[in-house]
Participant: 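Sharing a structure here in structure tokens format.
Computed from heavy atoms alone, side chains included, the values below leave out hydrogens, waters and symmetry copies. Quick note: residue numbers are just sequence positions, from 1.
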Amino acid sequence: MCGVVGIVSHRPVNQALYDALTVMQHRGQDAAGIVTWGEEGLQQRRANGLVRDVFRQRHMTRLTGNVGIAHCRYPTAGGAKSSEAQPFYVNSPYGICLAHNGNLTNHDELTELLIREDRRHLSTSSDSEVLLNVFAHELHVRASGKPSASQIFDAIEAVHKRCTGGYAVVAMIIGFGVVAFRDPNGIRPLVLGQRDTDEGMEYMVASESVALDVLQFERMRDVQPGEAVVIENSGRLHSRPYSGEVRHTPCIFEYVYFARPDSILDDISVYKARLRMGEQLAGKIVREFSEHDIDVVIPIPDTSRTSALQVAYHLGVKYREGFIKNRYIGRTFIMPGQAERTKSVRQKLNAIDLEFRNKNVLLVDDSIVRGTTSRQIIRLAREAGASKVYFASAAPPVRCPNVYGIDMPAASELIANGRTVEEIQALIGADRLIYQDLHGLIRAVRHDNSAITEFDTSCFSGEYVTGDVTDEYLDELEKRRNDAAKQAKKKKHTKLESAIGM
């Protein structure tokens, strides 16, 4: 999962892009990059690390210009590489920079075609670079001289026909403006905003509406599935819907875990969706555990707080904050390596003993992926003196990998893969485990926008909305994503850096 942003303004955009990345830091802690364009030409800064560490005063000063795009990254296939920090750049045609959130499921096929038939060179293994070169090639064959909005739209139509998977893209064509588009399934989010100034209208696109809010842009609407938006440097806005087949299936895991609660995605409030997840979960607890002896509901900070509050309210029991979170530790879900994840749980959370001692506690989390964190947290609760520890997940069992831009583990490393609820309960050490039902989750999220009739629920259901995900593809993904493969890749990269003196 990554965060992307693009701005066309009448004033320097460097600070605005930095601020937007900062509020979307939760979407990627691995690397960050900003590219701007103005009278001094193209300026860029990209490197591994958090936004606050990548950009210093000297970098910000050099990022001049009123037009720019930016990206914060975490990798969908493992370890961090500075060479894969975005935005990427190609100089033909015109000079194009591109930042991408998502994952192409036909990455290998496209790579081969780009090299063999389009005669384009690739310097990384990132599918974002593949997407950039597909777009650059399609624009090159359609435009001569300064491109028109119509030619850019035609190029994006061709990109949709060649690329499959989930993708939300912002690109900057040097000397022309910013381009944004979204895959025909609308899997990954992209929001369009505007700001009226004395100099004229300014436009912004971002992965989440919260980035618009912070910069005081008015949220206009979501970029629609397959739609392309072109914003010229002058501030002129163009848009065109996709002429091909569109099936609006946004990723439901955005609402469960990734997006900030104060964001609105596809006209759905993430905060309200999580409130309703709590209501649905409480209903299931009442049905399946009607004679419960729960004394207190405690959330696993931070994402599950909203749902846990509603669970406590509807069960008629106390809600308490029982864990204090160290906010300087990254999200364990996206940390490579089992040992690193296990260690970070202890560093990240500390229990308040008096909230646990001699009580029957219901812990509520947004989801259970590997089970590593859940097992550690339950142990913390018992060490703090809990009599019984029940565990509830606001999401259904995560049984399958996500292939559209979320670095979920290999299927063999998902605790729910091939196991019953009772077996998972025993593995994490809970006295009782309750999962949300999938239909309850869909009902909770869909409530704000009845026009969306289905979601990408692949990590829960195993049904992949693009229709091109085969068993062979998942087998190959298993080899790339398991922890052993990631650690081997990390060691190889470290040796290479040492050999060339980096």
Side-chain angles (χ1 to χ4, degrees), residues 1 4 27 101-103 105 160 164-169 180-193 205-212 219-229 239-281 303 306-307 310 366-367 394-396 398 400 402-406 436-469:
M1 190 62 59
V4 299
R27 299 188 67 85
N101 171 32
N103 187 57
T105 51
H160 289 326
T164 60
Y167 50 92
V169 173
F181 57 93
R182 196 175 176 196
D183 69 83
N185 290 94
I187 298 172
R188 302 267 67 88
L190 196 61
V191 187
L192 174 65
V205 285
S207 293
E208 294 191 31
S209 66
V210 65
L212 277 63
R219 178 181 172 273
M220 297 168 62
R221 59 183 178 84
D222 297 274
V223 176
Q224 295 304 299
E227 181 186 14
V229 173
S239 66
R240 183 198 282 182
Y242 181 44
S243 63
E245 182 180 354
V246 171
R247 179 186 174 196
H248 197 180
T249 56
C251 175
I252 206 164
F253 211 73
E254 288 276 358
Y255 302 92
V256 171
Y257 176 78
F258 267 106
R260 272 181 46 152
D262 44 347
S263 282
I264 297 173
L265 306 179
D266 287 306
D267 291 323
I268 297 170
S269 163
V270 176
Y271 174 74
K272 288 185 177 179
R274 289 176 184 167
L275 281 176
R276 289 188 293 268
M277 288 177 208
E279 294 170 3
Q280 294 290 328
L281 183 58
T303 321
T306 311
S307 296
Q310 288 298 92
D366 51 76
S367 58
V398 178
C400 305
N402 184 288
V403 302
Y404 301 125
I406 299 176
Q436 180 87 269
D437 291 326
L438 181 56
H439 63 80
L441 174 61
I442 293 172
R443 187 182 302 117
V445 178
R446 184 172 177 253
H447 184 275
D448 279 351
N449 189 354
S450 59
I452 298 177
T453 57
E454 56 183 328
F455 293 86
D456 165 45
T457 62
S458 53
C459 56
F460 306 121
S461 64
E463 298 173 4
Y464 296 94
V465 296
T466 53
D468 63 333
V469 179

Participant: Taking the side chain as every heavy atom from C-beta outward, state whether V169 and R188 have any atom pair closer than 4.5 Å.
Facilitator: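 V169 does not reach R188 side chain to side chain.
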Participant: Can you tell if the side chain of L281 reaches within under 4.5 Å of the side chain of S307, non-hydrogen atoms only?
Facilitator: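 Contact flag for L281/S307 side chains = no.
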Participant: Could you grab the distance from atom CD1 of I264 to atom NZ of K272, nearest 0.5 Å is fine?
Facilitator: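 Separation between the atoms: 8.5 Å.
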Participant: Could you measure the distance from the CG atom of N449 to the CG atom of L265? Nearest 0.5 Å is fine.
Facilitator: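 Atom-to-atom, N449:CG and L265:CG are 11.5 Å apart.
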Participant: Are the side chain of S207 and the backbone N or O of V4 linked by a donor-acceptor pair below 3.5 Å?
Facilitator: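 A pair under 3.5 Å: yes.
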Participant: Is there any salt bridge (Lys or Arg N to Asp or Glu O under 4.0 Å) pair reaching into residues 445-454, and which pairs are they, with sequence neighbours excluded?
Facilitator: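 Passing the test, one end in residues 445-454: R247-E454, R276-D448.
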Participant: Listed by chain and number, what are the side chain to side chain contact (heavy atoms under 4.5 Å, CB included) partners of I442, not counting sequence neighbours?
Facilitator: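 Once residues adjacent in sequence are excluded, the partners of I442 under the side chain to side chain contact (heavy atoms under 4.5 Å, CB included) criterion are I252, L438, F455, T457.
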Participant: Within the side chain of Q436, is there an N or O that forms a donor-acceptor pair under 3.5 Å with the backbone of A395?
Facilitator: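 No, Q436 side chain to A395 backbone: no donor-acceptor pair under 3.5 Å.
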Participant: Calculate, to the nearest 0.5 Å, the distance between atoms CZ and CG belonging to R219 and L212 respectively.
Facilitator: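 It is 9.0 Å, given to the nearest 0.5 Å.
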Participant: R443: which residues meet the salt bridge (Lys or Arg N to Asp or Glu O under 4.0 Å) condition with it, sequence neighbours left out?
Facilitator: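 Salt bridge (Lys or Arg N to Asp or Glu O under 4.0 Å) check on R443 returns nothing, list empty.
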Participant: Are side-chain heavy atoms of N101 and P189 found at a separation under 4.5 Å?
Facilitator: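 Yes, side chains in contact.
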Participant: What pair of heavy atoms forms the shortest contact from L190 to A180, and how long is it?
Facilitator: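 Smallest interatomic distance, heavy atoms only, reads CD2-CB, 4.0 Å.
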Participant: With sequence neighbours excluded, what pairs up with R274 under the side chain to side chain donor-acceptor pair (under 3.5 Å) test?
Facilitator: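 By the side chain to side chain donor-acceptor pair (under 3.5 Å) rule, R274 matches no residue at all.
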Participant: With sequence neighbours excluded, tell me which residues meet side chain to side chain donor-acceptor pair (under 3.5 Å) with D456.
Facilitator: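 Counting only residues at least two positions away or on another chain, D456 forms a side chain to side chain donor-acceptor pair (under 3.5 Å) with S458.
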Participant: Please identify each residue that fulfils ring-ring contact (aromatic ring centres under 6.0 Å, His included) with Y464, with sequence neighbours left out.
Facilitator: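 Y464 satisfies ring-ring contact (aromatic ring centres under 6.0 Å, His included) with no residue once adjacent residues are dropped.
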Participant: Considering only residues two or more places apart or on different chains, which pairs with a residue in residues 255-265 satisfy salt bridge (Lys or Arg N to Asp or Glu O under 4.0 Å)?
Facilitator: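 Applying salt bridge (Lys or Arg N to Asp or Glu O under 4.0 Å) to every pair that reaches into residues 255-265, excluding sequence neighbours, yields R260-D262.
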Participant: Which atom pair, heavy atoms only, marks the closest approach of A211 to A206?
Facilitator: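 Looking at all heavy atoms of both residues, the closest pair is CB-CB, 3.9 Å.
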Participant: Rounded to the nearest 0.5 Å, what separates atom CG in D267 from atom CD1 in I452?
Facilitator: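 CD1 of I452 is found 7.5 Å from CG of D267.
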Participant: Any heavy-atom pair between the side chains of P241 and Q224 that's under 4.5 Å?
Facilitator: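 No, their side chains stay 4.5 Å or more apart.
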Participant: Under the salt bridge (Lys or Arg N to Asp or Glu O under 4.0 Å) test, which residues partner E279, sequence neighbours left out?
Facilitator: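 Partners of E279 under the salt bridge (Lys or Arg N to Asp or Glu O under 4.0 Å) test: none.
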Participant: Just verifying a value: how many Å separate T164 OG1 and D183 CG, rounded to the nearest 0.5 Å?
Facilitator: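 Here the interatomic distance stands at 10.0 Å.
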Participant: List for me each residue that meets ring-ring contact (aromatic ring centres under 6.0 Å, His included) alongside H160, sequence neighbours excluded, and say none if there are none.
Facilitator: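 Scan of H160 (ring-ring contact (aromatic ring centres under 6.0 Å, His included), adjacent residues dropped) gives Y167, F181, Y242.
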Participant: I'd like to check C251 versus I406 (side-chain heavy atoms, cut-off strictly below 4.5 Å). Are they in contact?
Facilitator: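 They are in side-chain contact.
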Participant: Donor-acceptor check, side chain of T306 to backbone of Y271, threshold 3.5 angstrom: yes or no?
Facilitator: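 Checking the backbone N and O of Y271 against the side chain of T306, no donor-acceptor pair under 3.5 Å is found.
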Participant: Applying side chain to side chain donor-acceptor pair (under 3.5 Å), name anything that partners T466, two or more places apart in sequence or on another chain.
Facilitator: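 Checked T466 against side chain to side chain donor-acceptor pair (under 3.5 Å); matches are Y404, D468.
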Participant: E208: which residues meet the side chain to side chain donor-acceptor pair (under 3.5 Å) condition with it, sequence neighbours left out?
Facilitator: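 Checked E208 against side chain to side chain donor-acceptor pair (under 3.5 Å); matches are H26, R27, S263.
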Participant: D266: which residues meet the salt bridge (Lys or Arg N to Asp or Glu O under 4.0 Å) condition with it, sequence neighbours left out?
Facilitator: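 D266 satisfies salt bridge (Lys or Arg N to Asp or Glu O under 4.0 Å) with R182 only.
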